Amino acid sequence: MDIITWEPKDSEKVKNCYMNYEYPKVLKVINDWIDLTGYRMFLIYETDDEKASAAANLPFIGLCRFETFPVMKAEKYMQMVQELAGKNGEKGVEAAAPGKGASGKEILTQIESLEKRIYRLEHHSFIQQEDTT
């Protein structure tokens with residue numbers, strides 16, 4: 001997931017650049033949203049090629065700021081954790097949680113929080129579109 005921001009003074013440049021832009025074919029864009037209250041865009045995509053992700057940003061470098069977060073649907077993550085735990089002969093989220101930082105429960109809570117935020121963004125966007133038509 002990318003969160004893309006820009007300065008208000010650059011809005012016209014960003015709009016022109018985006019209107020003439022096509023995502024690289026190696027990026028499977030799941031969805032993108034524009035923040036109706038500010039100068040920000042949210043982009044969720046899938047790719048196995050980090051070079052493609054970097055290349056996709058090139059037309060906007062110097063114009064926008066990119067924050068990239070690797071995200072995964074909670075259900076898919078939980079399935080992966082269970083598979084990893086099974087391979088280790090252990091049970092539960094705690095057994096397969098990466099690193100010594102957050103526990104599996106904390107990670108799951110963070111993922112669920114992200115999914116709720118995405119849902120609210122989708123819902124907010126839908127409501128705003130309804131209000132403006």
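In what follows, residues are counted from 1 in the order of the sequence shown. Keep in mind that what you see is a predicted model, and the values were worked out from it rather than measured.
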Side-chain (D35) to main-chain (T37) donor-acceptor, under 3.5 angstrom: yes

pair M80-K76: side-chain heavy atoms closer than 4.5 Å: no

Shortest non-hydrogen separation from A52 to P24 and the atoms involved: O-CG, 4.3 Å

pair C64-V14: side-chain heavy atoms closer than 4.5 Å: yes

Point-to-point distance, once rounded to the nearest 0.5 Å, from NZ of K73 to CG of L114: 12.5 Å

Within-4.5 Å side-chain heavy-atom neighbours: I118 and N31: no

Student check: side-chain heavy atoms of R40 and F42 closer than 4.5 Å: yes

Backbone of I4 reached by a side-chain donor or acceptor of E67 within 3.5 Å: no

Nearest-0.5 Å distance, CG of residue L63 to CG of residue N16: 10.0 Å

Neighbour count above 12 (heavy atom, 6.0 Å) for D48 CG: no

Minimal non-hydrogen separation, A74 against I111, with atom names: CB-CG2, 3.3 Å

Verdict with reasoning, L108 to M78, per side chain to side chain contact (heavy atoms under 4.5 Å, CB included): CA-CA 8 Å; L108 180 57; M78 292 306 296; 3.6 Å; yes

Inter-residue atom distance E7.CD - R65.CZ, 0.5 Å rounding: 10.5 Å

CD-CD distance between E115 and Q110, expressed to the nearest 0.5 angstrom: 13.0 Å

Rounded distance [0.5 Å steps], CH2 in W33 versus CD1 in I3: 11.0 Å

Spacing of Q79 atom CD and M72 atom CE [to the nearest 0.5 Å]: 10.0 Å

Y45 and D2 side chains, donor-acceptor separation under 3.5 Å: yes

T47 side chain vs V26 backbone, donor-acceptor pair below 3.5 Å: yes

Any side-chain heavy-atom pair of D32 and M41 under 4.5 Å: yes

M19 with L36, same ILVMFWY side-chain cluster at under 4.5 Å: no

ring-ring contact (aromatic ring centres under 6.0 Å, His included), paired with F60, selected from Y21, Y23, W6: Y21

Connected via hydrophobic side-chain network under 4.5 Å: L58 and V29: yes

